[in-house]
Amino acid sequence: MSVKPRAIHFGAGNIGRGFIAPLLRKSGYHIVFTDVDKGLIDTINEERAYDVHILDGDGSMDGEKEVLEVDHVKGVLSTTNDLIREIEHPKLKLITTAVGLPVLDKIAPTLAKGIKARRAAGGGIINIIACENAIGATAQLEEKVRAHLEGGDAAWAEQHVGFANCSVDRIVPPFSPEEHDADSKLDVGVEEFFEWIVEGPSLKGAKPGALDVPIDGLALTDNLAAYNERKLFTLNTGHAITAYLGYLRGFHTVDQSIADAEIADIVRGALQAESGAALCRKHKFKDTEHEAYIEKIITRFQNAAVKDDVVRVGRQPLRKLGRGDRLVGPARMCVEYDIPVRHLATGIAAALSYENEEDDQSAEMRKAITEKGLDKYVVELTGFEEGSDVHKGILKSYKELEGWKKA
Ligand SMILES: NC(=O)C1=CN([C@@H]2O[C@H](COP(=O)(O)OP(=O)(O)OC[C@H]3O[C@@H](n4cnc5c(N)ncnc54)[C@H](O)[C@@H]3O)[C@@H](O)[C@H]2O)C=CC1
Ligand SMILES: O=P(O)(O)OC[C@H]1O[C@](O)(CO)[C@@H](O)[C@@H]1O
């Protein structure tokens, strides 16, 4: 008897359609997208399929290397009871999310309601994986879901719902169907590279530590912390620095920015001698392998076919300046290992210099710098003491970058 497993994916956006769904579909899952965007859900239900354009080409086919179809998809609005019925569905095996970290708060009550309904319907085990750019995103979601469960429901969830953290890596910027002569506005453009690493021991199922229906392209690990930090403090660190410095220089895309020799030197300096050195010390990555990992990432930034906007990559600078996030996080790790952080300090200063009225966090940051003064604000944001080497380095770079703005 065929299994026909089902998966619900929260957030039918770029990562959902361009990364998670294609892998699930290839592995035999039927995908139910759920989103707050009614227009998007209606389109999914009208079209039932879309194409994923692999943007790693040589310039022929508009920079496209391959086009892959994702079919058998449907959509339900996340604000309706249809979603609860989907969570009850006996063939449901997996729930994934890619909605943005702050949105996990909003979906947690719905997930808890769905879990209660699944228990009442006599449903079986499911696993939940939050595919967001943050360390421990699923653990954060789990805590929020559990806050809405009590008594028998909480005990049932303990036995029947696995919450597994993961690291997700694929560059999926907004895609223009018109530019690519694409058939559907659901189509999405992605780089060829992807990496999805999931914490195996947290998964529940017939075989502990594994999914009952394995996903081709998903790797399991019992050491997620290392891969999570490797990805966030390399890909995201380099990407953010490239974006903020590029923005200051007036570039529009990541590939334009990384083609600037000075920017590329700063990014390499931050990733190799600083975050890379700390990551290798902490997680015992081999130097040569880590160097190759960095170089592969720089090649990915150079991919002109994805046309990744620096404004997208730099979005929400205050989140990116969080103490555990991609800029301050690796700098703090370097300090722990006595590694000087000249280039990371420049990256932090570039984020602090980000001036884009259309980004609420940029506006909030500019206001705070004016009201509190940069010295104090850097202490508040980063936790680095006033007068420490890193603190001084950030202030010095911030001044130097003022010259970039005028250039
Ligand atoms: N785009 C990328 O290259 C990558 C993104 N990520 C992470 O994936 C997450 C999603 O990013 P994108 O796909 O780029 O964003 P996106 O904006 O393209 O998609 C997010 C989707 O979530 C939906 N949504 C918002 N609130 C919702 C709610 N309450 N319930 C259900 N759906 C809701 C939105 O309507 C939208 O369709 C973020 O955490 C991002 O950091 C991670 C790796 C790569
Ligand atoms: O999605 P965020 O966290 O705002 O950051 C953008 C980053 O996420 C990615 O979309 C994928 O990791 C990168 O392109 C970029 O570094």
Side-chain angles (χ1 to χ4, degrees), residues 135 229-230 232-249 251 254 257-258 260-282 290 294 297-298 301 310 313-314 316-356 361-362 365-366 368-370 372-407:
I135 290 171
E229 283 192 345
R230 184 179 74 157
L232 196 66
F233 294 175
T234 315
L235 178 285
N236 293 112
T237 302
H239 224 181
I241 298 175
T242 306
Y244 291 124
L245 289 175
Y247 186 84
L248 283 172
R249 282 253 148 105
F251 297 125
V254 169
S257 308
I258 202 70
D260 179 290
E262 200 177 352
I263 294 180
D265 281 351
I266 295 169
V267 171
R268 276 208 172 78
L271 300 189
Q272 287 170 347
E274 300 176 13
S275 76
L279 285 164
C280 288
R281 292 268 292 279
K282 180 168 175 186
H290 194 68
I294 293 168
I297 282 172
I298 298 205
F301 295 170
V310 292
V313 178
Q316 302 172 339
L318 285 178
R319 173 168 58 87
K320 294 187 163 105
L321 282 163
R323 290 189 187 185
D325 214 294
R326 64 209 74 185
L327 296 165
V328 179
R332 290 169 69 90
M333 193 190 275
C334 285
V335 169
E336 266 176 51
Y337 291 101
D338 276 333
I339 297 167
V341 293
R342 190 158 63 89
H343 301 97
L344 284 169
T346 304
I348 294 170
L352 285 160
S353 308
Y354 185 55
E355 207 166 336
N356 175 1
Q361 290 195 4
S362 163
M365 184 173 73
R366 303 253 58 80
I369 292 173
T370 308
K372 299 178 181 183
L374 185 65
D375 301 29
K376 300 269 179 300
Y377 193 48
V378 168
V379 175
E380 181 187 314
L381 280 181
T382 65
F384 294 125
E385 276 175 32
E386 198 157 358
S388 62
D389 286 348
V390 196
H391 184 263
K392 283 195 283 195
I394 295 169
L395 298 194
K396 182 167 170 275
S397 292
Y398 188 87
K399 264 214 131 10
E400 285 165 3
L401 291 175
E402 279 173 4
W404 284 42
K405 277 193 228 174
K406 286 174 202 131

Look up atom [atom1] in [X] and atom [atom2] in [Y], then write down how far apart they are to the nearest 0.5 Å.
| X | Y | atom1 | atom2 | value |
| --- | --- | --- | --- | --- |
| I298 | R268 | CD1 | CZ | 4.0 Å |
| D389 | R342 | CG | CZ | 13.0 Å |
| L318 | D325 | CG | CG | 11.0 Å |
| T237 | K320 | OG1 | NZ | 11.5 Å |
| L232 | H239 | CG | NE2 | 13.0 Å |
| S353 | K399 | OG | NZ | 11.0 Å |

Do V390 and T382 have side chains that approach each other closer than 4.5 Å (heavy atoms only, starting at C-beta)?
no

I241 and L327, any side-chain heavy atoms less than 4.5 Å apart:
yes

Is E386 salt-bridged to K376, going by a charged N under 4.0 Å from an acidic O?
yes

Those residues at least two apart in sequence (or on a different chain) that pass ring-ring contact (aromatic ring centres under 6.0 Å, His included) with H391 are none

Quick one: list whatever passes ring-ring contact (aromatic ring centres under 6.0 Å, His included) with F384, sequence neighbours left out.
none

Go through the steps for L245 and L401 under the test side-chain contact (heavy atoms from CB on, under 4.5 Å), then give the verdict.
CA-CA 9 Å; L245 289 175; L401 291 175; 3.8 Å; yes

Taking salt bridge (Lys or Arg N to Asp or Glu O under 4.0 Å) as the definition, give me every residue that meets it alongside [X], ordered by chain and number, with sequence neighbours left out.
| X | answer |
| --- | --- |
| D260 | R249 |
| E380 | K372 |
| R332 | none |
| R326 | none |

Could you pull out the closest heavy-atom pair between [X] and [Y], with the gap in Å?
| X | Y | value |
| --- | --- | --- |
| C334 | L344 | SG-CD1, 4.0 Å |
| I135 | E229 | CD1-CG, 3.7 Å |
| Y398 | I369 | OH-CD1, 4.0 Å |
| G238 | L271 | N-CD2, 3.8 Å |
| V267 | T242 | CG2-OG1, 3.3 Å |
| A240 | V313 | N-CG1, 4.2 Å |

[X] side chain to [Y] main-chain N or O, any donor-acceptor pair under 3.5 Å?
| X | Y | result |
| --- | --- | --- |
| S275 | F233 | yes |
| E274 | I339 | no |
| Y244 | G347 | no |
| R323 | L381 | yes |
| E355 | R366 | no |

Might you work through the side-chain contact (heavy atoms from CB on, under 4.5 Å) test for T234 and H290, ending with a clear yes or no?
CA-CA 10 Å; T234 315; H290 194 68; 3.8 Å; yes

How are the rings of Y247 and Y354 set relative to one another: parallel (under 30°), tilted (30 to 60°) or perpendicular (over 60°)?
perpendicular

Before you tell me yes or no, could you show the steps for L279 and M333 under side-chain contact (heavy atoms from CB on, under 4.5 Å), namely the whole-Å CA-CA distance, both residues' side-chain angles and the distance that decides it to 0.1 Å?
CA-CA 8 Å; L279 285 164; M333 193 190 275; 4.1 Å; yes

